[in-house]
Amino acid sequence: MAKGYGRVPGMGGGMNMNMLKQAQKMQQDMLRVQQELQEKEYQAASGGGVVTATVSGKHELKALTIDPEAVDPEDVEMLQDMIVAAVNEAMRSAGADAASTMQSITGGLGLGGLGL
């Protein structure tokens with residue numbers, strides 16, 4: 001058998017074809033999952049459910065629902081705070097789901113933040 005058989009030239013001498021195939025598969029899986037995550041929606045509520053925010057996996061606000069009971073012309077500041085809280089919690093949910101999902105694919109290699 002020839003010396004260096006099964007190795008990819010220029011890959012540090014230690015990466016064999018199987019490792020390269022695994023890396024390519026992981027890259028394909030990451031791209032597929034990133035697309036799926038971007039299409040998902042995340043919802044969170046505040047104020048006991050009177051304000052509900054829905055965001056996409058792209059971290060875009062998709063919907064905002066406000067119960068008429070939450071609208072008090074004398075206390076607009078509270079409504080604003082509830083909106084901010086609901087949107088921020090939905091964004092955190094989207095981010096946590098993306099990080100967790102990518103972690104499961106990369107096996108802890110620290111690649112989960114790529115493109116998200």
Side-chain angles (χ1 to χ4, degrees):
M1 184 178 287
K3 190 174 185 179
Y5 177 77
R7 296 194 177 183
V8 178
M11 296 302 264
M15 181 174 275
N16 61 34
M17 291 302 288
N18 189 41
M19 289 173 67
L20 183 59
K21 287 178 185 176
Q22 288 176 349
Q24 289 172 336
K25 182 184 180 324
M26 183 172 32
Q27 183 180 25
Q28 290 170 348
D29 289 346
M30 287 175 59
L31 292 172
R32 177 185 48 79
V33 168
Q34 284 175 341
Q35 180 66 35
E36 290 171 5
L37 286 168
Q38 289 178 355
E39 293 172 5
K40 287 178 80 174
E41 290 188 350
Y42 303 85
Q43 191 174 71
S46 66
V50 295
V51 174
T52 304
T54 303
V55 300
S56 72
K58 293 180 182 181
H59 292 206
E60 296 172 340
L61 182 62
K62 301 296 279 183
L64 181 66
T65 304
I66 302 171
D67 186 319
E69 292 178 21
V71 181
D72 179 358
E74 301 297 317
D75 196 3
V76 173
E77 189 174 308
M78 179 183 253
L79 177 58
Q80 292 168 337
D81 290 344
M82 288 189 291
I83 292 169
V84 169
V87 171
N88 285 338
E89 183 57 32
M91 294 287 191
R92 276 190 289 277
S93 293
D97 186 36
S100 172
T101 301
M102 294 309 284
Q103 170 90 15
S104 69
I105 290 175
T106 63
L109 295 176
L111 304 174
L114 297 178
L116 290 177

- Message: How about CD on Q27, more than 12 heavy atoms from neighbouring residues, nucleotides or ligands closer than 6.0 Å, or not?
- Response: no
Which heavy atom of [X] sits nearest to which heavy atom of [Y], and what is that distance?
{"X": "I66", "Y": "A70", "value": "CG2-CB, 4.1 Å"}
{"X": "Y42", "Y": "G57", "value": "CE1-CA, 3.9 Å"}
{"X": "A44", "Y": "A90", "value": "CB-N, 3.5 Å"}
{"X": "G49", "Y": "A45", "value": "CA-CB, 3.9 Å"}
{"X": "V33", "Y": "M102", "value": "CG1-SD, 3.8 Å"}

- Tell me whether V84 is reachable from V50 by hopping between hydrophobic residues (I, L, V, M, F, W, Y) whose side-chain heavy atoms are closer than 4.5 Å. no
Just verifying a value: how many Å separate [X] [atom1] and [Y] [atom2], rounded to the nearest 0.5 Å?
{"X": "E60", "Y": "Q38", "atom1": "CD", "atom2": "CD", "value": "9.0 Å"}
{"X": "L37", "Y": "H59", "atom1": "CG", "atom2": "NE2", "value": "9.0 Å"}
{"X": "L61", "Y": "T54", "atom1": "CG", "atom2": "OG1", "value": "8.0 Å"}
{"X": "E89", "Y": "T52", "atom1": "CD", "atom2": "OG1", "value": "12.5 Å"}
{"X": "D67", "Y": "M82", "atom1": "CG", "atom2": "CE", "value": "9.0 Å"}
{"X": "K58", "Y": "Q34", "atom1": "NZ", "atom2": "CD", "value": "12.0 Å"}

- So, E39 and Q35: side-chain donor and acceptor under 3.5 Å apart, yes or no? yes
- Message: Looking at E36 and K40, is there a salt bridge between them, counting it only when a charged N and a carboxylate O are closer than 4.0 Å?
- Response: no
- Item | Side-chain touch V51/L79, heavy atoms, less than 4.5 angstrom | yes
- Without swapping roles, check the side chain of S100 against the backbone of D97 for a donor-acceptor pair under 3.5 Å. no
